[in-house]
Chemist: 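So that we are looking at the same thing, I have put the structure below in structure tokens.
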2 protein chains.
Amino acid sequence: MKKAKLQDIADRAGVARSTVDRALHGRSRVNVETRDKILRIARELDYHPDLRGRALKMSSSFLVGMVVPNITQSFYADVVQGTEEYLEKAGYGLMLCNIIGEECTPRYVSMLERHQVDGIISCAEVKHGWNNGLRELASKGFPAVMINFRVDGVDGPVVFVNQRKGGYLAAMRLIEAGHRRIMFLGGSHDYLNDERLWGYKSAMDEAGIPVSPEFIVSMGDWTTDEFDAKVGPLLKDKSTAPTAAFAVYDMAAFRLISWLRGRDIQVPHNFSVVGFDDLPSLTWFAPCLTTVKQKKKEMGYAAAELLIKRLGGEELKDVLLDVELVERDTIAPPDCL
Amino acid sequence: MKKAKLQDIADRAGVARSTVDRALHGRSRVNVETRDKILRIARELDYHPDLRGRALKMSSSFLVGMVVPNITQSFYADVVQGTEEYLEKAGYGLMLCNIIGEECTPRYVSMLERHQVDGIISCAEVKHGWNNGLRELASKGFPAVMINFRVDGVDGPVVFVNQRKGGYLAAMRLIEAGHRRIMFLGGSHDYLNDERLWGYKSAMDEAGIPVSPEFIVSMGDWTTDEFDAKVGPLLKDKSTAPTAAFAVYDMAAFRLISWLRGRDIQVPHNFSVVGFDDLPSLTWFAPCLTTVKQKKKEMGYAAAELLIKRLGGEELKDVLLDVELVERDTIAPPDCL
DNA sequence: CTGAAAGCGCTAACAG
DNA sequence: CTGTTAGCGCTTTCAG
């Protein structure tokens, strides 16, 4: 069956294209009978408006660009799923831009521009070269919504997650379990790391526990060697060693647990751990990680909602999503008691 | 800066739109000087052709629809990544269709049609309701490429994976380790399950080991209760119990390992396991799973290549991708010896 | 080698 | 309430 167009319906119904258009959209009054006739014919012909024509006329492509560093990481996949769900309901297509590496940024900028997407949702990382690309597109007038943090110079709402609260909850839970020597196992000092660290510190402060700088460790490549070098020494003297850790990501928590296991330190029996993310795949394994859950799908959903409403002319504020602690099996009272 | 269009360049260069077009595409001869001038101006104006106009004229949207059941599952994310990579290089955008549940099929069919995608890559599951949607679109002339299996009535190349070989390799590896009572831990009898089962049987045949029907288990929801009911009885009598299992998916293998651990059966010490998939997240945990690796990213890449070449007029055959066994830590000689 | 003109499918302003 | 017309940005004849 050949693709039906507006004209085909018009011909069959014996009316003009514009009448068909009106009947289909219902914006303007159309004679009820002709309208019904038109709708019937449209259904018979299985008519679907060609968005390319409409896009040209209405200067809207009904396409939204979604930029992530790596869809392969479960976190981003969840966010994308949320965005896609909202966009689909709203009648927009999601163009996926999987920015691997700095050098591809200009190609994606060009692609987004050529397709004239109606807006861009950016869920990249702070340090990532893509940020320049986003700035460029934003300066050309592409509406943008950011996830997790604001890219300097890009105007548009941001979907934030209460990272500080997450860090606070994690540390406080460990404190409540009786721990006082609590390590912060972090990565490089980027936005997420430091916000969560801030939360950790605020919990320690509140409990009146001084934070020893050597308990704040900053990992690079998370290898066994690095653990040996950076965490190993802390564990030498049992009377001063940390009895628990708040790991800045679930992945980090798991690396730590594996490494500890290699040294015959069992979690949670000899050492307690809290993570951050709530990655679903990590619940398949014992011990199930106690962690701070961030609602990844909702992050994507909220971003899409912000963007589409903004396209509709609403002025919107940033969103701050809540987090919660999910209790599982990696916290116990300190081993030293 | 306002978006530059063809006319803007033409105005500045003092030539006609069509000349600019020719200069930009290089298809037809253009005076070298004017061409250079045009190219220079285009660069100054940071010109990116608007695909909506081109799409209309050339009846091509430079958009490919990619359909997966759930991007959240690591397997699909990897496939999508491969597809996206190829498409981006080829200058096509990837429209992601995350088909969750049957009822959304018509909406996605309509969306793909309205956007007039140039083709569709379908990586859904056999039993999924989407297959009807794909049939409908294919019958309307949308070129399709399928991954993993052919949808009846849809004409187009398929990217296959050598499932049978995978099943064979897995079972044979267990046999070589000395196992004879080997369980096939499968799911419902769909295409993937049965192909892998076929491979398992062929290895058993080749080794002259009769396949006991009760060793072919077919799980539904993979709960502990179901394991207790379906696998528990097999393990009662140590002299007839299986000493190893080939699990149809990595996930299944992990469920099994956890369940066994709950019964104080340690892998690989008391029981050997091989999986199928090679999910990356599963390598973080001990014991690391010995498994059949399928090249997920290449599957997506190959599908995109097939589609784009087909759009270019080439007639293409199905592709069969190889698998390989990756040796890790879940196989040992049978415990009973 | 270059310009003029038509038209892809749709919408909207204007007339009737 | 409905038809006519123009035009979104691009490509592609067809003349010159």
Side-chain angles (χ1 to χ4, degrees), chain A residues 2-39 41-42 45-63 91 110-118 140-141, chain B residues 2-39 41-42 45-63 91 110 113-118 140-141:
Chain A
K2 206 70 186 73
K3 187 176 133 55
K5 42 180 120 170
L6 222 44
Q7 187 67 63
D8 298 331
I9 303 179
D11 290 348
R12 289 226 196 180
V15 296
R17 283 206 308 277
S18 47
T19 306
V20 177
D21 188 54
R22 278 185 284 253
L24 257 28
H25 287 80
R27 326 187 78 84
S28 173
R29 296 260 157 267
V30 176
N31 181 296
V32 185
E33 290 167 26
T34 48
R35 197 199 56 185
D36 289 348
K37 186 176 176 190
I38 287 170
L39 291 180
I41 296 180
L45 261 39
D46 192 30
Y47 173 75
H48 297 256
D50 184 331
L51 285 185
R52 294 169 309 174
R54 179 188 294 196
L56 215 47
K57 184 64 186 177
M58 307 189 32
S59 54
S60 168
S61 59
F62 301 96
L63 225 43
S110 164
M111 154 156 275
L112 258 5
E113 185 159 6
R114 286 184 346 235
H115 277 276
Q116 285 292 112
V117 294
D118 289 340
K140 287 186 179 167
Chain B
K2 205 72 187 70
K3 186 175 133 57
K5 43 181 121 168
L6 221 44
Q7 187 68 61
D8 298 332
I9 302 179
D11 290 348
R12 290 227 196 179
V15 296
R17 284 206 305 277
S18 46
T19 305
V20 177
D21 188 56
R22 277 186 284 254
L24 257 29
H25 287 80
R27 325 186 80 84
S28 173
R29 294 262 156 268
V30 176
N31 180 295
V32 185
E33 290 168 23
T34 48
R35 197 200 56 189
D36 288 348
K37 186 177 177 188
I38 288 171
L39 291 180
I41 296 179
L45 261 39
D46 193 29
Y47 172 74
H48 297 257
D50 184 330
L51 286 186
R52 294 171 310 174
R54 178 187 293 196
L56 216 45
K57 186 64 186 175
M58 305 186 40
S59 53
S60 167
S61 58
F62 300 96
L63 224 44
S110 163
E113 186 160 6
R114 287 186 343 236
H115 278 276
Q116 285 290 113
V117 293
D118 289 340
K140 288 186 179 167

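Keep in mind it's a predicted model, so treat the numbers as computed, not measured. Order of the sequence lines fixes the chain letters, A, B, ..., with proteins taken first and strands second; residue numbering starts at 1 for each chain.
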Chemist: What heavy-atom pair brings B/A10 and B/A16 nearest, and what distance separates the two atoms?
Modeler: CB-C, 3.8 Å

Chemist: Under the rule for ring pair (Phe, Tyr, Trp, His ring centres under 6.0 Å), what residues qualify as partners of A/Y47, not counting sequence neighbours?
Modeler: none

Chemist: If you round to the nearest 0.5 Å, how far is CG of A/D50 from CD of B/Q116?
Modeler: 4.5 Å

Chemist: Can you tell me how far C1' of D/dT2 sits from NZ of A/K37, to the nearest Å?
Modeler: 14 Å

Chemist: Do any of residues 15-23 of chain B sit with a heavy atom less than 4.0 Å from DNA chain C, and if so which?
Modeler: B/V15, B/A16, B/R17, B/S18, B/T19, B/R22

Chemist: What are the bounds, 5' to 3', of the part of DNA chain C that sits under 4.0 Å from heavy atoms of chain B?
Modeler: C/dC1 to C/dG9

Chemist: For the pair made of CG in B/N31 and P in D/dG16, what is the distance, rounded to whole Å?
Modeler: 22 Å

Chemist: Send over the distance from B/L6 CG to D/dG7 C1', rounded to a whole Å.
Modeler: 16 Å

Chemist: Enter the inter-axis angle for the ends of the helix from C/dC1-D/dG16 to C/dG16-D/dC1 (five pairs per end, rounded to 10°).
Modeler: 50°

Chemist: Using the side-chain contact (heavy atoms from CB on, under 4.5 Å) criterion, which residues pair with A/N31? Sequence neighbours excluded.
Modeler: A/E33, A/T34

Chemist: Is there a residue in residues 47-60 of chain B whose heavy atoms reach under 4.0 Å of DNA chain D, and which residues are they?
Modeler: B/Y47, B/P49, B/D50, B/G53, B/R54, B/L56, B/K57, B/M58

Chemist: Are A/R54 and A/F62 in a cation-pi setup, meaning NZ or CZ lies under 6.0 angstrom from the ring centre and within 45 degrees of the ring axis?
Modeler: yes

Chemist: Only counting residues at least two apart or in another chain, list the ones meeting side-chain contact (heavy atoms from CB on, under 4.5 Å) with A/L39.
Modeler: A/L24, A/R35, A/R43

Chemist: Measure from NZ on B/K3 to C1' on D/dC10 and round the result to the nearest Å.
Modeler: 10 Å

Chemist: Using every non-hydrogen atom in the two residues, find where A/A23 and A/V30 come nearest and quote the distance to one decimal.
Modeler: N-CG2, 3.9 Å

Chemist: My understanding is that only residues two or more places apart in sequence, or in another chain, count here; which of them pass side-chain contact (heavy atoms from CB on, under 4.5 Å) with B/D11?
Modeler: B/Q7

Chemist: State which residues pass side-chain hydrogen bond (donor to acceptor under 3.5 Å, both in side chains) with A/D8; sequence neighbours excluded, sorted by chain then number.
Modeler: none

Chemist: Can you list the residues that meet the side-chain hydrogen bond (donor to acceptor under 3.5 Å, both in side chains) rule with B/S59, with sequence neighbours excluded?
Modeler: none

Chemist: How would you list, by chain and number, every residue that makes a side-chain hydrogen bond (donor to acceptor under 3.5 Å, both in side chains) with A/E113, sequence neighbours excluded?
Modeler: A/K140, B/H48

Chemist: DNA chain C: B/R35 or A/Q7, which has the more 5' nearest nucleotide?
Modeler: B/R35

Chemist: Minimum heavy-atom separation for A/S61 and B/R52, please, with both atom names.
Modeler: CB-CD, 4.2 Å

Chemist: Please name all residues satisfying side-chain contact (heavy atoms from CB on, under 4.5 Å) with B/R12, sequence neighbours left out, ordered by chain then number.
Modeler: B/I41, B/E44, B/L45

